[in-house]
Amino acid sequence: MKRVVWPLVLALVLAACGDAPSPARLRDIGALLPPLTFTLHDGEARTRRAADFAGQVVVLYFGYTHCPDICPTTLARLAGLVRRLGAAAARVSILFVSVDPARDTPAVLHAYAEAFGPRVVALSGSQEQLGALARRYRVSYGLGPADGDGQYEVSHSSAVFIFDPRGRARLLATAEDSDADLLAGIQGLLAAGGNERWDGAR
Amino acid sequence: MNSAAKRLLLTLLACWQGVALAAPQVSDAWIRWLPGDLPLAGYLTLHNPDARPHTLVAVHSPLFRRIEIHRSLAQSGVARMQAVARLELRPQGQVSFSPGGYHLMLFGRAQALRQGQTVELLLQFDDGYQLRAPFAVRPATAR
Ligand SMILES: [Cu+2]
């Protein structure tokens with residue numbers, strides 16, 4: 001009996017003492033993906049870098065504004081959950097990265113982010129800047145053929161990446177994860193603190 | 001008119017009314033507002049109280065240049081949309097258009113839309129039946 005129990009106890013102790021215990025039931029990507037690093041621009045055409053968000057839990061999502069269903073549904077959900085954090089919401093930034101810079105000018109990004117409230121920042125960049133960020137988090141995107149009106153669809157990753165205040169990649173969420181798990185994941189990263197350091201690029 | 005003809009006429013009338021009562025219905029219809037002239041998604045639940053199927057084939061409104069029936073798909077972590085040419089409602093069945101699934105995709109606003117406003121869309125079925133449905137315009141953050 002003891003031979004069965006001891007490895008289990010050891011595993012529990014190791015899990016509890018680990019440097020970065022996973023706070024929730026979302027997929028732990030701590031060992032899989034590198035710290036947050038990017039150079040993009042926002043709705044005011046200002047350059048924004050990952051280090052600007054040091055000390056914040058960053059919720060990163062790739063999309064495009066001409067996406068009427070999945071993208072706004074995801075942003076509405078994330079913004080609604082973060083609002084439930086009350087005062088702590090100020091320490092969370094939801095970064096919507098448009099992979100469609102041709103249509104998503106800074107003016108479009110500005111109006112779009114505003115529609116989802118103060119915690120959403122809409123960003124985009126050059127193809128090189130977007131490509132570098134997408135490769136870093138192993139996401140793909142692609143432009144579909146244009147229709148008669150010049151409208152086209154953009155296929156994009158449906159994953160939500162969550163970074164801790166040090167910029168470390170920590171959790172991956174999808175539409176299948178519950179509100180409770182997402183909220184617990186973000187709360188866990190906020191409670192873990194670690195605001196004094198930054199692991200991403202400067 | 002003799003009584004037999006009268007009876008036949010009444011039966012036909014009742015029958016016709018029965019058909020009209022059994023036509024598809026709409027509930028929970030809303031549009032997610034987005035700024036500018038970005039394409040919008042419309043959501044609703046379609047009910048078919050009839051004993052025979054009805055098929056939605058088109059949606060029109062003078063408020064939009066073009067309306068398509070779409071379905072969102074997430075395949076191996078990639079989000080896409082697919083146009084749906086016809087959507088069959090089974091007898092006594094219902095289909096819900098909801099975030100992340102079926103949606104009406106509304107392209108090209110003819111005039112500005114306000115949150116809180118109600119707009120009418122015309123749903124066209126394969127048997128020629130047309131259904132006028134009011135859609136509430138909700139904020140971007142609606143769920
Ligand atoms: Cu669509």
Side-chain angles (χ1 to χ4, degrees), chain A residues 27 43 61-83 99-100 103-105 107-117 119-120 122 137-142 144 147-160 172 174-176 179, chain B residues 30-44 59 61 63-85 96-110 112-116 119 121 135 137-143:
Chain A
R27 273 153 304 293
Y61 181 67
F62 295 86
Y64 67 114
T65 70
H66 284 65
C67 156
D69 182 40
I70 298 271
C71 301
T73 296
T74 304
L75 284 177
R77 179 179 186 217
L78 294 172
L81 288 177
V82 168
R83 202 177 308 121
V99 293
D100 183 19
R103 285 185 295 190
D104 290 341
T105 60
V108 174
L109 292 174
H110 174 90
Y112 192 75
E114 200 172 43
F116 291 96
R119 298 323 305 160
V120 174
Y137 297 105
R138 302 175 199 170
V139 303
S140 60
Y141 58 91
D147 65 18
D149 294 333
Q151 295 285 326
Y152 52 89
E153 192 197 336
V154 181
S155 65
H156 59 96
S157 159
S158 55
V160 173
L172 183 92
T174 68
E176 281 78 55
D179 281 0
Chain B
W30 63 285
I31 292 169
R32 184 190 300 284
W33 183 87
L34 292 174
D37 195 23
L38 292 174
L40 304 174
Y43 303 109
L44 68 154
V59 183
S61 166
L63 291 171
F64 298 95
R65 192 177 62 243
R66 184 160 52 99
I67 301 177
E68 294 178 3
I69 307 166
H70 277 201
R71 183 179 204 174
S72 290
L73 306 163
Q75 286 169 330
S76 47
V78 176
R80 297 201 66 249
M81 284 187 298
Q82 202 173 51
V84 177
S96 58
F97 287 61
S98 57
Y102 282 112
H103 55 277
L104 300 177
M105 190 138 160
L106 319 169
F107 294 93
R109 294 171 221 185
L113 284 186
R114 284 173 290 104
Q115 299 170 37
V119 299
L121 304 186
F135 283 67
V137 181
R138 296 205 189 144
T141 49
R143 291 191 70 182

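Note on naming: letters A, B, ... go to the chains in the order of the sequence lines (proteins, then strands), and numbering restarts at 1 for each one. Every heavy atom of this structure was used, including side-chain atoms; hydrogens, water molecules and symmetry mates were not.
Proximity of A/Tyr64 to B/Leu38: side-chain heavy atoms (C-beta onward) are nowhere separated by under 4.5 Å. The shortest distance between side-chain heavy atoms of A/Ser157 and B/Val78 does not fall below 4.5 Å. Looking at heavy atoms from C-beta onward, A/Ser155 lies out of side-chain contact with B/Met81 at the 4.5 angstrom threshold.
When heavy atoms are compared at a cutoff of 4.5 Å, B/Met105 approaches chain A solely by way of its side chain, counted from C-beta outward. Only the backbone of B/Leu40 comes within less than 4.5 Å of a heavy atom of chain A; no side-chain atom from C-beta onward does. For chain B, no part of A/Glu114 is nearby; none of its heavy atoms comes within less than 4.5 Å. Proximity to chain B is absent for every atom of A/Ala175, based on heavy atoms less than 4.5 angstrom apart. Of the atoms belonging to A/Asp147, it is side-chain heavy atoms, and not backbone ones, that fall under 4.5 Å from chain B. Looking at A/Thr74, there are no atoms closer than 4.5 Å to chain B (heavy atoms on both sides), in backbone or side chain. When heavy atoms are compared at a cutoff of 4.5 Å, B/Pro139 does not approach chain A at all. Heavy atoms closer than 4.5 Å to chain A are found in both the backbone and the side chain of B/Arg80.
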B/Thr141 vs A/Arg83, side chain to side chain contact (heavy atoms under 4.5 Å, CB included): CA-CA, chis, key distance, verdict: CA-CA 11 Å; B/Thr141 49; A/Arg83 202 177 308 121; 4.0 Å; yes

Derivation of the side chain to side chain contact (heavy atoms under 4.5 Å, CB included) call for A/Asp149 and B/Arg65: CA-CA 10 Å; A/Asp149 294 333; B/Arg65 192 177 62 243; 3.2 Å; yes

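Closest non-hydrogen pair, A/Thr73 versus B/Gly100, comes out as OG1-N, 4.4 Å. Closest of all the heavy-atom pairs between B/Ala41 and A/Pro68 is CB-O, 3.4 Å. Of all heavy-atom pairs between B/Pro35 and A/Ala115, the closest is CD-CB, 4.1 Å.
Between A/Asp69 and B/Arg32, none of the side-chain N atoms (NZ, or NE/NH1/NH2) sits under 4.0 Å from a carboxylate O, so this pair counts as no salt bridge.
Heavy atoms of other residues, nucleotides or ligands lying less than 6.0 angstrom from CZ of B/Arg109 number more than 12.
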